[in-house]
Student: 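Provided herewith is a single structure, encoded as structure tokens, for subsequent inquiry.
Throughout, protein chains are lettered first and strands after them, A, B, ... in sequence-line order, and every chain is numbered starting at 1. Only this structure's heavy atoms are used, side chains among them; waters, hydrogens and symmetry mates stay out.
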Amino acid sequence: MEIPARYSPDSIEEKWYAYWLKHHCFHSVPDEREPYSLVIPPPNVTGVLHMGHMLNNTIQDVLVRRARMMGKNACWVPGTDHASIATEAKVVAKLKERGIEKSQISREEFLQHAWEWRDKHGGIILEQLKKLGASCDWARTRFTMDPEMSNAVVDTFVYLYHKGLIYRGVRMVNWDPAGCTAVSDEEVIHKEVHEQLYYIRYHLSDGGKPCDQYLTVATTRPETIMADVALCVHPQDPRYRSLVGKKVLIPLIHKEIPIIQDEYVSMEFGTGCLKITPAHDINDYTIGLRHHLPVVDILDERGHLTSAAQILVGVDRFAARKKIALMLREAGLMEKEEAYTTQIGFSERTNAVIEPRLSMQWFMKMADPAKQALEYVETNQIRLIPEKFKNTYRHWMENVRDWCISRQLWWGQRIPAWYLPSGAFVVAVDATQALELARKIDPSVQAGEIIQDEDVLDTWFSSWLWPVSVFDPAIPGHPERKPNPDLAYYYPTNDLVTAPEILFFWVARMIMAGHEFCGKPPFKNVYLTGIVRDKQGRKMSKSLGNSPDPLEMIAQNGADGVRMGMLLCSNAGNDILFDESQVEQGRNFCNKIWNAYRLTRGWQVDEKAEQSCCSALTVRWFQQRMAQAISQVDDLFDKFRLSEALMLVYKLFWDDFCSWYLEWVKPPAGMPMDAATYLATNTFLNDLLLLLHPFMPFITEELWQNIAPRREGETIMFAHYPKPNLFETDSLAAVEEVKEVIVAIRTLRQHKKIGQRMTLTLYVHGPFDVSYTPMIAKLAHISEITAETPPNGLSGSSFRVGTSDFFVPLEVATNVEAECQKLKDELDYLVRFVTSVQQKLSNAAFIQNAPAKVVELEHKKERDALAKIGVIQTQLKNYEA
RNA sequence: GGGUCGUUAGCUCAGCAGGUUUAGAGCACUACCUUCACACGGUAGGGGUCAACGGUUCGAAUCCGCUACGACCCACCA
């Protein structure tokens with residue numbers, strides 16, 4: 001049986017994923033076991049896998065696989081999000097390519113296209129997750145626009161409306177002129193931009209004709225001057241006091257507007273004179289309300305000037321800005337222009353500059369839900385990992401504003417409100433119920449006369465129900481609803497793994513919904529991953545083209561290698577500077593594991609052979625080491641320190657198991673091995689595979705299947721995760737000293753150019769436990785270790801481990817001068833060190849104040865260093881003699 | 001403008017209820033080695049005044065203050 005020297009993942013990964021699916025290993029149904037549940041942050045239905053997903057889902061898979069092995073009934077629910085604005089934008093673009101404008105087709109036709117698009121591209125991302133090894137319960141896959149999921153959303157709306165938490169009103173909202181929709185505050189991203197500050201002259205009006213006298217106004221948005229309804233100055237500003245109450249003319253259109261005063265205006269900024277444009281600025285809007293000013297809206301939904309602007313009608317706002325500036329210059333009304341840096345809001349989805357716009361929208365009151373959502377986190381009923389996000393979370397929850405939940409889109413759950421001809425409206429789960437309610441207002445109303453609201457709900461208004469609705473879509477609004485065993489069993493879920501950027505969008509709102517509908521928070525731990533960045537620290541994005549193709553990476557290095565690469569650099573909450581070399585490290589590790597298996601596979605067992613002393617000692621040591629490592633791993637998992645847990649297992653396998661254990665027990669080439677050691681080695685390998693499985697599911701399954709006979713359907717996924725045992729730190733420390741001795745002898749050989757084959761004798765003086773001699777003998781090629789004093793005049797080298805001196809007789813010519821210099825340097829260093837320790841010890845305050853333990857430690861340092869100095873001095877003397 | 005977090009080897013990070021650390025790990029690097037599991041390897045090794053300054057303390061990478069730089073969050077001065 002020939003096993004290749006290199007591990008090749010592709011066929012193996014495919015084989016085991018199919019096997020797991022075939023045997024329904026990922027599927028979970030409620031039973032008497034303790035549940036462990038986790039819901040996927042649903043990716044956009046038409047999205048493709050990027051590095052962020054890779055990281056996020058690898059972490060989830062590690063958690064869920066470990067829980068499963070620990071005997072819990074683990075359930076990881078997958079699914080996708082309809083992502084209303086993002087998907088709608090994609091469909092609109094797609095239709096445009098085919099020469100179809102959204103405005104030319106009906107809502108129904110558009111939705112048909114959208115569903116076609118979804119059927120074609122939806123779920124690709126879930127297929128990609130399978131390549132990663134994700135152990136999702138695919139039978140439970142949900143989509144936020146599945147009929148029953150949508151019903152839940154509608155029910156929720158109706159329920160909250162009747163509870164008084166949802167209302168409709170005209171408000172200044174963040175308008176996305178590219179998406180032609182309102183967006184919530186959270187979907188606006190502020191960026192610093194370099195703009196111009198224009199200083200524009202408004203001449204005073206003399207009965208509609210311009211006087212010579214003028215006021216200068218500084219603005220970044222000259223294209224909105226046509227929407228001005230007043231100029232405003234500070235009441236205390238002496239420059240303008242006499243002008244208040246007079247009128248000025250808007251440049252270019254010569255419309256007369258008043259000069260008013262308001263304390264809002266800052267006297268220091270610009271000219272101290274502010275133009276008031278209520279329709280296009282939130283502050284101006286509030287000032288306008290205060291002074292009962294009219295609202296002149298000159299922009300349409302796409303950000304083009306309307307006829308209300310009188311000039312440049314139909315021109316885009318930014319083009320208009322340039323043109324107006326030009327016209328003002330030509331008219332001699334532009335006093336000056338200066339560079340100006342300011343923050344501007346951009347749409348998260350379309351990257352269009354957000355336009356403050358007055359419009360009728362639906363809102364949800366957030367004050368009360370936020371209070372409860374904050375309390376869960378403050379009282380640690382929900383743990384944020386890392387904890388630093390608590391501050392950010394608190395700040396947001398304490399300053400939350402009402403949530404604009406309506407979107408002027410078609411792709412999504414349509415708002416369940418119906419309007420009567422009179423303009424009154426009713427909120428109901430469907431048209432039939434709506435008609436009933438409508439007739440209570442106007443008994444004469446007919447079915448065809450009530451019209452449903454054209455808008456849909458914000459995507460987050462469906463995803464905030466996710467941890468509830470995936471288990472039971474029939475949420476609230478149904479007081480008579482039946483108890484649902486899935487919800488009762490799996491809710492609340494255990495962990496949520498997501499990105500900090502959606503802590504407010506999604507996590508906070510899920511907490512609110514969970515509380516509202518289940519009376520309990522939806523999860524216990526929120527693990528916030530970092531943003532995946534490239535080596536230069538730039539966010540990985542499609543537009544930058546700096547994101548490696550995850551599937552390509554898996555094809556190159558195997559899913560296990562990629563998972564390991566992701567995990568190694570993923571400490572919670574910090575951004576991840578991703579470097580493909582880490583994936584290479586993962587791939588190399590797979591190969592190491594593979595070859596350790598190859599080695600043990602090749603061993604012949606001799607039932608009659610006695611276990612060697614060395615092997616017995618080694619097995620005993622590794623038992624201790626395993627026990628220690630298992631409890632360390634448990635501890636790291638409790639703290640969600642996944643990358644450290646993986647590193648620990650990595651070193652356990654590579655260093656402790658391969659470099660030490662296997663080398664110690666390895667029989668000489670062609671020789672058989674005793675049964676006891678063989679059995680122990682297999683057990684260790686088995687346990688190591690179990691520890692590794694959550695991180696690297698495929699290779700561990702492959703090897704686990706091979707190291708012992710398995711029945712069809714059996715899988716490492718349900719093998720019992722190793723439990724921590726007690727271990728003796730003393731014997732572990734003893735073997736650490738053994739390793740040190742071996743390393744010292746190896747170093748000696750290298751420096752003195754003594755071949756590995758040449759056996760040496762070792763003299764030891766001190767408390768070193770000589771019962772470990774066989775282990776040293778094997779790896780350092782020592783023929784014997786003796787406690788005798790070496791005969792006088794014997795040449796050789798000495799070293800020190802712990803508090804024992806070692807001496808190796810050597811008859812090799814040495815470069816005495818170089819050797820002495822090296823020893824002198826070392827001596828120098830030690831003398832300086834001892835001096836500093838002694839200084840500390842001679843400090844009365846230190847002796848008085850420091851704990852006895854610390855003082856004793858310093859004494860020990862002194863003793864050890866002095867002893868080392870002694871050894872070196874003897875060596876030097878020997879050389880000089 | 002306000003706030004949060006960070007700055008430890010070339011890189012990514014751990015250590016931070018002050019003293020068992022004369023600051024650790026992995027990767028990268030250097031030298032030697034194709035020796036019978038693995039060159040996607042072995043053995044050995046080099047590398048940091050813990051961002052700067054000041055303070056508290058017998059003692060500071062660890063606590064406090066300030067500065068610089070970086071990241072993020074929040075915010076209606078046009």
Student: Sticking with atom P, work out how far B:rG19 lies from B:rC66, rounded to a whole angstrom.
Tutor: 25 Å

Student: Expressed in whole Å, how much space separates the C1' atoms belonging to B:rG1 and B:rU8?
Tutor: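 It works out to 32 Å between them.
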
Student: Both A:Q582 and A:L830 contact RNA chain B. Which one's nearest nucleotide lies toward the 5' end?
Tutor: A:Q582

Student: Using atom P of each nucleotide, how far apart are B:rG26 and B:rC33 to the nearest Å?
Tutor: 24 Å

Student: Quick one: which protein N/O atoms are closer than 3.5 Å to N/O atoms of nucleotides 63-65 of chain B? Pair and distance per line, please.
Tutor:
none

Student: What nucleotide, of B:rC38, B:rC27, B:rC58, holds the atom closest to the side chain of A:N595?
Tutor: B:rC38

Student: Could you check if a side-chain atom of A:V295 sits within less than 4.5 angstrom of a side-chain atom of A:V229, using non-hydrogen atoms only?
Tutor: no

Student: Between B:rC38 and A:N588, is there an OP1 or OP2 to side-chain N/O distance shorter than 4.0 Å?
Tutor: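 No, no such contact exists.
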
Student: What does A:R6 touch in the nucleic acid at a heavy-atom separation under 4.0 angstrom: a base, only the sugar-phosphate, or nothing?
Tutor: base

Student: If you check the A:R746 side chain, which of B:rG19, B:rA37, B:rA44 turns out closest?
Tutor: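 When the side chain of A:R746 is considered, B:rA44 is the closest of B:rG19, B:rA37, B:rA44.
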
Student: Figure out the CG/C1' separation between A:N399 and B:rC74, and round it to whole Å.
Tutor: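 In whole Å, B:rC74 C1' and A:N399 CG are 8 Å from each other.
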
Student: Closest to the A:F269 side chain: B:rG26, B:rA78, B:rC40?
Tutor: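 Nearest nucleotide to the side chain: B:rA78.
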
Student: B:rC11 C1' sits how many Å from A:E584 CD, rounded?
Tutor: 14 Å

Student: For B:rC40, does either OP1 or OP2 sit under 4.0 Å from a side-chain N or O belonging to A:R587?
Tutor: no

Student: Rounding to a whole Å, what distance do you find between A:K191:NZ and B:rC72:P?
Tutor: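 In whole Å, B:rC72 P lies 12 Å from A:K191 NZ.
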
Student: Between A:T216 and A:K336, do the side chains contain an N or O donor and an N or O acceptor separated by less than 3.5 Å?
Tutor: no

Student: What's the closest nucleotide to the side chain of A:Q585 if the choices are B:rU20, B:rA78, B:rC27?
Tutor: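 So the side chain of A:Q585 is nearest to B:rC27.
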
Student: With the side chain counted from C-beta on, respond yes when A:E355 and A:H280 share a heavy-atom pair under 4.5 Å apart, and no when they do not.
Tutor: yes

Student: Using only side-chain N and O atoms of A:Y393, determine if any of them is under 4.0 Å from OP1 or OP2 of B:rC73.
Tutor: no

Student: Where each pair must be Watson-Crick or G-U wobble with both distances under 3.5 Å, what dot-bracket representation of RNA chain B is obtained, with crossing pairs in [ ] and other-strand partners as |?
Tutor: ((((((((.[[[[.)...(....]]]].(((((.......))))).....[.[[[..)....]]].])))))))....

Student: Once you apply a heavy-atom cut-off of 4.0 Å, does A:S659 come out as touching a base, just sugar-phosphate, or nothing?
Tutor: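 The residue A:S659 makes sugar-phosphate contact but no base contact.
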
Student: Mind checking A:E663 for me? I need base, sugar-phosphate or nothing, with any heavy atom below 4.0 Å counting as a touch.
Tutor: base

Student: Starting at CD of A:E398 and ending at P of B:rC73, how long is that distance when rounded to a whole Å?
Tutor: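 Distance, rounded to whole Å: 19 Å.
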
Student: Could you pull out all residues at least two apart from A:R746 that satisfy side-chain hydrogen bond (donor to acceptor under 3.5 Å, both in side chains)?
Tutor: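 With sequence neighbours excluded, A:R746 shows a side-chain hydrogen bond (donor to acceptor under 3.5 Å, both in side chains) to no residue whatsoever.
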
Student: Please check the phosphate of B:rA37 (OP1 and OP2 only) for any side-chain N or O of A:K666 closer than 4.0 Å.
Tutor: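 It does, given that an N or O in the side chain of A:K666 lies less than 4.0 Å from OP1 or OP2 of B:rA37.
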
Student: Please state how far atom CZ in A:F589 lies from atom C1' in B:rC27, giving the value in whole angstrom units.
Tutor: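 The answer, rounded to whole Å, is 14 Å.
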
Student: Got a sec, which residues hit ring-ring contact (aromatic ring centres under 6.0 Å, His included) with A:F799, two or more places apart in sequence or on another chain?
Tutor: A:F806

Student: With a 4.0 Å cut-off on heavy atoms, is A:R394 in touch with a base, just the backbone sugar-phosphate, or nothing at all?
Tutor: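 Since no nucleic acid heavy atom lies under 4.0 Å of A:R394, the category is nothing.
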
Student: How would nucleotides 3-10 of chain B be written as a contact map, 5' to 3', with B for base contact, S for sugar-phosphate-only contact and - for no contact, using protein heavy atoms under 4.0 Å?
Tutor: -SS-----

Student: Starting from P on B:rG42, measure out to NZ on A:K739 and report it in whole angstrom.
Tutor: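 Spelled out: NZ on A:K739 to P on B:rG42 is 15 Å.
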
Student: Measure centre to centre between the rings of A:F684 and A:F657, then say whether the value is under 6.0 Å.
Tutor: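 Not close enough - the centres of the two rings lie 6.0 Å or further apart.
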
Student: Between B:rA60 and B:rU20, how far apart are the two P atoms, rounded to whole Å?
Tutor: 12 Å

Student: Would you indicate what A:C658 reaches in the nucleic acid, counting non-hydrogen atoms under 4.0 angstrom: base, sugar-phosphate, or nothing?
Tutor: base

Student: Any side-chain heavy-atom pair from A:I593 and A:Y597 closer than 4.5 angstrom?
Tutor: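 The answer is no, as the side chains (C-beta and beyond) never meet within the 4.5 Å cut-off.
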
Student: By the 4.0 Å heavy-atom rule, please label A:K861 as base, sugar-phosphate, or nothing.
Tutor: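 If one applies the 4.0 Å heavy-atom cut-off, A:K861 turns out to touch the sugar-phosphate alone, with no base involved.
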
Student: Applying a 4.0 Å non-hydrogen cut-off, can you work out what A:P356 is touching in the nucleic acid: base, sugar-phosphate, or nothing?
Tutor: nothing

Student: What is the nucleic acid contact for A:Q750, judged by heavy atoms within less than 4.0 Å: base, sugar-phosphate only, or nothing?
Tutor: base

Student: When you compare B:rG6 with B:rG59, how far apart are their P atoms, in angstrom units rounded to a whole number?
Tutor: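 26 Å, rounded to whole Å.
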
Student: When rounded to the nearest Å, what value does the distance between P atoms of B:rG46 and B:rG41 take?
Tutor: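 One P to the other, the span is 22 Å.
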
Student: Whole-Å distance between B:rA25 P and A:F653 CZ?
Tutor: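 So the CZ-P distance, A:F653 to B:rA25, works out to 22 Å.
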
Student: What is the distance, to the nearest angstrom, from the CG atom on A:L528 to the P atom on B:rA71?
Tutor: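 Rounding to the nearest Å, CG of A:L528 and P of B:rA71 are 21 Å apart.
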
Student: Please check the phosphate of B:rG15 (OP1 and OP2 only) for any side-chain N or O of A:R641 closer than 4.0 Å.
Tutor: yes

Student: Mind checking if A:T747 touches a base, just sugar-phosphate, or nothing, with heavy atoms under 4.0 Å?
Tutor: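 Sugar-phosphate: the residue A:T747, judged by heavy atoms under 4.0 Å, touches backbone atoms but no base.
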
Student: Regarding A:Y199, tell me which of base, sugar-phosphate or nothing describes its non-hydrogen contacts under 4.0 Å with the strands shown.
Tutor: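 Nothing, no nucleic acid heavy atom in range.
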
Student: Please give the distance between the P atoms of B:rC64 and B:rC5 as a whole number of Å.
Tutor: 11 Å

Student: Of all the choices, B:rC58, B:rC73, B:rC38, which nucleotide is nearest to the side chain of A:A5 once you look at every atom?
Tutor: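 Nearest listed nucleotide: B:rC38.
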
Student: Could you walk me through whether A:E187 and A:S184 satisfy the side chain to side chain donor-acceptor pair (under 3.5 Å) test, starting with their C-alpha distance in whole Å, then the side-chain angles of each, then the deciding distance to 0.1 Å, before giving a yes or no?
Tutor: CA-CA 5 Å; A:E187 288 167 297; A:S184 69; 3.0 Å; yes

Student: Pick base, sugar-phosphate or nothing for A:S643, based on heavy-atom distances below 4.0 Å to the nucleic acid.
Tutor: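 Here A:S643 touches no strand at all.
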
Student: So which one's nearest nucleotide on RNA chain B is more toward 5', A:Y7 or A:Y650?
Tutor: A:Y650

Student: I'd like the P distance from B:rA23 over to B:rG47, given in whole Å.
Tutor: 13 Å

Student: It should be established whether A:W654 places a side-chain nitrogen or oxygen under 4.0 Å from OP1 or OP2 of nucleotide B:rG42.
Tutor: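 Indeed, a polar side-chain atom of A:W654 lies that close.
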
Student: For B:rC36, does OP1 or OP2 lie under 4.0 Å from any side-chain N or O of A:R598?
Tutor: no

Student: Pick base, sugar-phosphate or nothing for A:E644, based on heavy-atom distances below 4.0 Å to the nucleic acid.
Tutor: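 Sugar-phosphate only.
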
Student: Is A:K739 salt-bridged to A:D656, going by a charged N under 4.0 Å from an acidic O?
Tutor: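 Between A:D656 and A:K739 there is a salt bridge, with a charged N closer than 4.0 Å to a carboxylate O.
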
Student: Only counting residues at least two apart or in another chain, list the ones meeting ring-ring contact (aromatic ring centres under 6.0 Å, His included) with A:F346.
Tutor: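 Per chain and number, A:F346 pairs via ring-ring contact (aromatic ring centres under 6.0 Å, His included) with no residue.
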
Student: Answer yes or no: are there more than 12 heavy-atom neighbours, outside A:E387 itself, under 6.0 Å from its atom CD?
Tutor: no

Student: Under 4.0 Å between any heavy atoms, over every strand shown, what does A:G565 touch: base, sugar-phosphate, or nothing? Just pick one.
Tutor: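 The answer is nothing, as A:G565 stays clear of every strand by at least 4.0 Å.
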
Student: Contact class for A:V743 (heavy atom, under 4.0 Å): base, sugar-phosphate, or nothing?
Tutor: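 Answer is sugar-phosphate: A:V743 comes under 4.0 Å of backbone atoms only.
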
Student: So, do A:F389 and A:P500 sit near enough that their side-chain heavy atoms are less than 4.5 Å apart?
Tutor: yes

Student: Which is it for B:rA39, anti or syn, if anything within 90° of zero counts as syn?
Tutor: anti

Student: Just checking A:E856: does its CD atom have more than 12 heavy atoms from other residues, nucleotides or ligands closer to it than 6.0 angstrom?
Tutor: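 Yes, CD of A:E856 has more than 12 neighbouring heavy atoms, counting only those of other groups under 6.0 Å.
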
